[in-house]
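Contents: one structure, followed by commentary.
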2 protein chains.
Amino acid sequence: MGTTAEATRAMTAPEPKYWYLRTVLVRAIDSEFTPGQVLPNERDLAARFGVARATLRQALDQLELEGRLIRRRGIGTLVAAPRVGVPVASSVPAGPSGPGESGGGEEAAEGDSWRFVGSGPASAPAAVASELGVAAGASVHTVRRLRVVGGRTVGTETLYVPSAQDGGLHAADPAAPGPQDGRAPLGLAGESRAVELGVAEDAEARLLERPPGSPVLVVTTRYASEGRTAAVAVSTYRADTCRLTFGPDGGGRVEVGAGADRPVRNAS
Amino acid sequence: MGTTAEATRAMTAPEPKYWYLRTVLVRAIDSEFTPGQVLPNERDLAARFGVARATLRQALDQLELEGRLIRRRGIGTLVAAPRVGVPVASSVPAGPSGPGESGGGEEAAEGDSWRFVGSGPASAPAAVASELGVAAGASVHTVRRLRVVGGRTVGTETLYVPSAQDGGLHAADPAAPGPQDGRAPLGLAGESRAVELGVAEDAEARLLERPPGSPVLVVTTRYASEGRTAAVAVSTYRADTCRLTFGPDGGGRVEVGAGADRPVRNAS
DNA sequence: CAGTGGTCTAGACCACCCT
DNA sequence: GGGTGGTCTAGACCACTGA
């Protein structure tokens with residue numbers, strides 16, 4: 001019984017203990033726990049599995065990275081709810097009954113909005129400068145806002161616009177407190193996006209209510225106008241709680257718990 | 001001298017050592033090293049900074065997660081090259097001079113293709129089943145392929161198609177070895193995608209030439225036909241080396257080293 | 001073989017939360 | 001105060017690489 005796992009562990013380059021623990025914990029979480037429930041504390045778990053606490057923590061680190069667990073200092077380790085689907089606008093005009101107050105949501109936990117934080121001039125970071133085609137360190141106009149879903153801050157966004165063109169674009173200032181639609185800031189067409197993994201720096205971590213170093217999904221959006229990049233937005237989303245959704249249908253409404261619960265990656 | 005950092009460390013909830021180390025290393029990497037260069041070994045670095053090796057490793061873990069470092073057992077710790085931009089097709093018809101052989105790339109390191117791995121029936125994982133609207137565990141047709149960029153395997157993809165409709169769709173089998181275009185498999189419109197963070201399981205880790213538990217970007221694509229989901233594809237991309245690009249322009253060609261080197265996330 | 005990163009241990013102290 | 005997760009240590013052994 002259960003010899004399968006142990007046999008695997010014995011031969012062919014022994015599986016690390018922490019990876020084995022992760023497997024066991026995944027099964028336990030999926031079958032015997034429900035979201036919000038607290039797991040036994042780390043010292044107990046380590047003792048129960050007969051490993052050092054550091055080894056157990058290595059397994060928990062994995063599960064937290066996968067968004068299956070949430071660890072809170074002073075509280076305990078909780079089973080996480082499925083990730084919330086966060087629409088990343090895709091040039092889709094806000095449909096009838098614009099989002100923000102939900103127009104027929106599937107869950108109670110709606111409420112998708114942007115919260116204005118601040119704006120002002122700043123010297124363009126290297127990457128942004130090259131993207132905008134301005135000199136490195138040149139002064140650009142920035143707008144900072146937060147993405148709030150279901151009362152939780154899940155992301156941040158900084159919009160960079162060359163100071164020169166500010167006048168023309170600022171007319172319909174996109175990130176002002178007002179508009180809560182998921183549409184593209186600025187009345188521009190031809191966006192292109194890139195998504196990659198990053199970690200939250202100090203200031204950002206505070207905004208996202210996470211410790212520094214927490215994984216985030218970094219979305220870089222280029223807004224093109226007349227063939228040139230008119231603005232760049234850099235957004236970061238909590239990787240633990242967010243599933244970014246793209247495309248025509250995902251462009252408007254927050255999905256929570258809808259659709260697949262977990263990414264699937266076991267063929268055969 | 002350097003009192004700034006230490007003063008910060010002293011007051012206001014002392015910054016963890018590993019986070020401070022990360023900051024120092026980031027600066028060193030960006031200024032004094034070039035991609036491919038090897039760092040001093042962990043024991044030396046730890047001694048140099050006056051910390052335990054485990055603490056230093058915590059800092060290196062962060063940097064590896066950010067894609068700034070690559071650690072190879074038996075070799076050393078290398079400075080990573082900027083992430084490669086991997087186009088995620090967006091229903092854009094392959095332009096003239098279809099991708100695959102490059103039609104005017106900006107770098108020599110081109111070569112973007114899919115490599116067929118295998119196909120066959122499989123019982124649908126829960127999440128896929130619900131997405132396709134079939135019974136959990138129902139038999140579905142699967143196609144597995146690898147994304148190869150510049151000779152390196154950077155991603156995997158598993159396509160799930162309900163067995164019932166197989167006949168009709170299979171006519172233009174999309175994932176067969178032949179077609180190397182970045183276009184959507186199946187001649188379907190109305191895709192929608194979701195991106196989230198995951199970790200590579202054992203089999204997948206081998207395909208991606210990474211240890212189990214490595215972070216991956218999981219892309220779930222729904223292919224709609226006549227308002228219903230006709231197929232689901234689950235792709236995973238190495239989070240350390242990939243920057244996923246979306247949109248009209250990013251839809252065809254691999255960017256490497258083009259554009260921004262690093263995501264920018266320091267407004268102020 | 002020597003050198004590297006990967007894993008694991010046993011223990012300590014700290015920061016935070018709740019009662 | 002008592003319990004929790006977060007950080008850090010000093011040391012050990014293993015697995016892999018390359019000469």
Side-chain angles (χ1 to χ4, degrees), chain A residues 9-23 25 37-65 68-80 199-200 202 205-206 209-214 240, chain B residues 9-23 25 37-65 68-80 199-200 202 205-206 209-214 240:
Chain A
R9 265 183 65 62
M11 325 177 345
T12 74
E15 184 185 40
K17 280 187 185 178
Y18 78 89
W19 187 251
Y20 170 72
L21 288 179
R22 172 195 165 275
T23 305
L25 289 171
Q37 205 168 347
V38 305
L39 265 55
N41 72 58
E42 298 182 347
R43 291 165 179 85
D44 284 353
L45 278 179
R48 181 179 313 187
F49 287 116
V51 300
R53 189 178 157 218
T55 303
L56 174 78
R57 278 182 62 82
Q58 212 172 340
L60 295 182
D61 286 343
Q62 287 282 343
L63 295 170
E64 197 179 28
L65 194 67
R68 292 174 170 278
L69 292 181
I70 302 172
R71 293 194 277 184
R72 285 201 251 224
R73 169 150 39 180
I75 305 290
T77 302
L78 321 180
V79 175
V199 304
D202 311 72
R206 273 191 297 276
E209 302 164 358
R210 295 253 61 198
S214 302
D240 58 341
Chain B
R9 268 184 62 65
M11 324 174 346
T12 75
E15 184 186 40
K17 280 187 186 178
Y18 78 88
W19 188 251
Y20 170 71
L21 288 180
R22 170 194 167 277
T23 305
L25 289 171
Q37 206 169 346
V38 304
L39 266 55
N41 72 59
E42 298 183 348
R43 289 166 180 85
D44 284 354
L45 277 178
R48 178 176 317 186
F49 287 115
V51 301
R53 191 179 156 215
T55 302
L56 173 79
R57 279 182 61 80
Q58 212 173 339
L60 295 181
D61 286 343
Q62 287 282 343
L63 294 170
E64 197 178 28
L65 194 67
R68 291 173 172 277
L69 293 180
I70 303 172
R71 292 193 279 185
R72 285 200 252 226
R73 169 144 49 176
I75 303 291
T77 302
L78 320 181
V79 175
V199 303
D202 311 74
R206 273 190 296 276
E209 303 165 357
R210 294 253 62 197
S214 303
D240 58 341

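Letters A, B, ... mirror the listed sequences (proteins, then strands); counts begin at 1. Small disclaimer: the values here were computed from a predicted structure and weren't measured.
- Distances shorter than 4.0 Å separate none of the side-chain N or O atoms of B:Tyr18 from OP1 or OP2 on D:dC8.
- Interatomic distance, CG of A:Leu21 versus CD of A:Gln62, reported as 11.5 Å (0.5 Å rounding).
- Side-chain N/O atoms of B:Arg43 and base N/O atoms of C:dG5 include a donor-acceptor pair closer than 3.5 Å.
- Of the two residues near DNA chain C, B:Asp44 and A:Gly74, the one whose nearest nucleotide lies more 5' is B:Asp44.
- One can place CD1 of B:Ile75 at 7 Å from P of D:dT17, the figure rounded to the nearest angstrom.
- Remark: P of C:dA10 and CG of A:Leu56 are 14 Å apart, rounded to the nearest angstrom.
- Phosphate contact (OP1/OP2 of C:dT4, side-chain N/O of B:Arg71, threshold under 4.0 Å): absent.
- By the 4.5 Å heavy-atom criterion applied to side chains, A:Arg22 and B:Val199 are counted as neighbours.
- The phosphate of D:dT4 has OP1 or OP2 within less than 4.0 Å of a side-chain N or O from A:Asn41.
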Open item on the list: The test is side chain to side chain contact (heavy atoms under 4.5 Å, CB included); show your working for A:Val51 and A:Tyr20 and say whether it passes.
Closed with: CA-CA 12 Å; A:Val51 300; A:Tyr20 170 72; over 6 Å; no
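- Judged by distance alone with a 3.5 Å cut-off, a donor-acceptor contact links the side chain of A:Arg53 to the base of D:dG6.
- For B:Leu78 and D:dT17, the CG to P distance is 14 Å, given to the nearest whole Å.
- Regarding B:Lys17, its NZ atom lies at a distance of 13 Å from the P atom of C:dA15, rounded to whole Å.
- Following rounding to the nearest Å, A:Arg73 (CZ) and C:dC16 (P) show an atom-to-atom distance of 5 Å.
- Judged by closest nucleotide on DNA chain C, B:Asp61 is the one of A:Gly50 and B:Asp61 placed further toward the 5' end.
- For A:Leu60 and D:dT7, the CG to P distance is 14 Å, given to the nearest whole Å.
- The closest side-chain heavy-atom distance from A:Asp240 to A:Arg210 is below 4.5 Å.
- Taking only side-chain nitrogens and oxygens, B:Thr77 comes nearer than 4.0 Å to OP1 or OP2 of C:dG5.
- Looking only at side-chain heavy atoms (C-beta outward), B:Glu15 and A:Asp202 come within less than 4.5 Å of each other.
- To the nearest angstrom, C1' of C:dT9 lies 18 Å from CZ of A:Phe49.
- Spacing between atom CH2 of B:Trp19 and atom C1' of C:dC14 amounts to 20 Å, rounded to whole angstrom units.
- Between B:Thr55 and D:dT7 there is no side-chain N or O to OP1 or OP2 distance below 4.0 Å.
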